[in-house]
Amino acid sequence: MSIKNRTKIKEALNSTELNRTITVKGWVRTRRGNKKIAFIALNDGSTINNIQVVADVPSFPDELLRHITTGASVSVTGKLAPSVGSGQNVEIHAENIELYGSADPASYPLQKKGHSLEFLREIAHLRPRTNTFGAIFRIRHTMSYAIHKYFNDKGFFYLHTPIITGSDAEGAGEMFRVTTLDMMNPPRTEDGKINYREDFFGKETNLTVSGQLEGELGALALSDIYTFGPTFRAENSNTPRHLAEFWMIEPEMAFYDINDNMDLAEDFLKFLTEFALGHCYDDLLFLNNMYDKELLDRLKSVTSTDFKRITYTEAIDILSSSGVKFEFPNSWGSDLQSEHERYLVERHFKKPVIITGYPKDIKAFYMKQNDDGKTVRAMDVLFPRIGEIVGGSQREDELLKLETRIKELGLPEKDLKWYLDTRRFGSVPHSGFGLGFERMMLFITGMSNIRDVMPFPRTPKNAEF
RNA sequence: UCCUCCUUAGCUCAGUUGGUUAGAGCACCUGACUGUUAAUCAGGGGGUCCUAGGUUCAAGUCCUAGAGGGGGAGCCA
């Protein structure tokens, strides 16, 4: 019989078909008991809940039970039965126990009692075995699936944009260099610079900071596309909201204006929140009880409220007439600070806010210019606790305006020829946005540090595991 | 990168105006208990006080530098 044949603990706990013999496999969370009887809480990651294994101690060799300690991996065969004790509905009366791997209790880092999230970050290789991170990673999977389901059901196509890129046109941040050159002794040009013609791709290449520009190429052929892939920023950002390697979702839609764009972003965020509530309730309940007592209420409120939509100019007016003393005073033309965003979302409107019509000078070159000559059709979706969770815009589809803007900003027009071709040939109004997956995960799980929603986070000075 | 706080047992932390042999809870080990739920009770072992200098008769405690971590800010998703 194949060793994979066993009942997942999630299925066993939900089973109504009792008094049958099953086999479960997993990792021991705790063991209690005395010389006559032992209670083993077993978890296999299929659910946050453990199954209780009851063992009649004299029936098993001392040598075996001695190794049934927190962290050990075992296979248990026995009768699934209604629990004699209270606290669980069913339990397994062990007939056979096989030890796969022991875990020395003196050196195994995970204990029965709570650990700090900071400590668990240092043992990221073992933290998936905790209740907290089991819950988070199950939710992370479910959200990934929900993203694909949402777009697939809407007729969007999943487009794979490049991870290695030769374009630095978006200027979204510092980039990681990709090279095969010998760093100790790189080839040089006659004037002493590094000669990238001899590099693997024959030019300077980097890890992508955004798939948007390539995403637009797809949208202007397939109508509606999305990307969902790893993204890299070499910024020296040390905050609970930034990673050097993160995952981003970037839908791009032909024949969408800024209002269609906002409608999609709001519907998408609500769908993901509802999907989490509907499919991860046990895990969310655990996080709600252990970390954030308002989590479930906050998630439910987002699904049932309309996001407030205001312009940048209106936002500035609200802030100036609020009477609140901000550390950084605001005036028309300067970007909103974190404290301003938090005021609008958490105190003034008390719901998600979408801000549009930003001054063109604080936004990217590709955003659609309004007729006032001052603002662009950008949109930022601001969430409670998180701040900016989505950034997007209607794109500039007029060739002349786009070329002029590129010249004003001194961007390398030559490197953007392929991008400008989409405006030269069959240009259409189109829009898109980017959602930081881990920022969405912060919102869904109620965690406060982005390093706790990524299995193996990469941050400045940290690439462990 | 800037500001700020922190670093003492496996984990979470206490440690007074600088003063004998650095403590607690949990974890771990041993023992007790026929059904426990973060089991309980009794006993036991366990320390490079982050690192390197310095001040002092004396430093976990004061000073300087460095490393690591938390929070806030900037950049952004």
May I ask you to verify if any side-chain N or O of A:N449 is less than 4.0 angstrom from the OP1 or OP2 atom of B:G71?
yes
Whether A:R66 contacts B:C29 is assessed here as follows: a side-chain N or O lying under 4.0 Å from the phosphate OP1 or OP2. Is that the case?
no
Map every base of RNA chain B to its dot-bracket character, where paired means a Watson-Crick or G-U wobble contact with both distances under 3.5 Å and | marks a partner outside the strand.
(((((((..((((.....[...)))).(((((.......))))).....(((((..]....))))))))))))....
Residue set satisfying side chain to side chain contact (heavy atoms under 4.5 Å, CB included) with A:H348, at least two apart, ordered chain then number -> A:I318, A:Y343
Considering just the side-chain nitrogens and oxygens of A:K35, establish if one lies under 4.0 Å of OP1 or OP2 belonging to B:U34.
no
Is a salt bridge present between A:R140 and A:E438, judged by a nitrogen-to-oxygen distance below 4.0 Å?
yes
What residues, two or more places apart in sequence or in another chain, satisfy side-chain hydrogen bond (donor to acceptor under 3.5 Å, both in side chains) together with A:E63?
A:R66
Exactly one of A:N289, A:I139, A:T445, A:D292 should register a side-chain contact (heavy atoms from CB on, under 4.5 Å) with A:L284. Which one does?
A:I139
Restricting to side-chain hydrogen bond (donor to acceptor under 3.5 Å, both in side chains), what partner residues turn up for A:Y312, sequence neighbours left out?
none
Nucleotide nearest A:E118 (side chain, heavy atoms from C-beta), chosen from B:G70, B:U1, B:G35
B:G70
Below 4.0 Å: OP1/OP2 of B:G74 and any side-chain N or O of A:Q337:
yes
B/S/- along nucleotides 37-47 of chain B (protein heavy atoms under 4.0 Å) is BBB--------
Restricting to ring-ring contact (aromatic ring centres under 6.0 Å, His included), what partner residues turn up for A:H148, sequence neighbours left out?
A:Y158, A:Y226, A:F228
Scan A:Q394, A:M253, A:E252 and name whichever one has a side-chain contact (heavy atoms from CB on, under 4.5 Å) with A:H430.
A:E252
Which nucleotide sits closest to the side chain of A:E91: B:C75, B:U36, B:A77?
B:U36
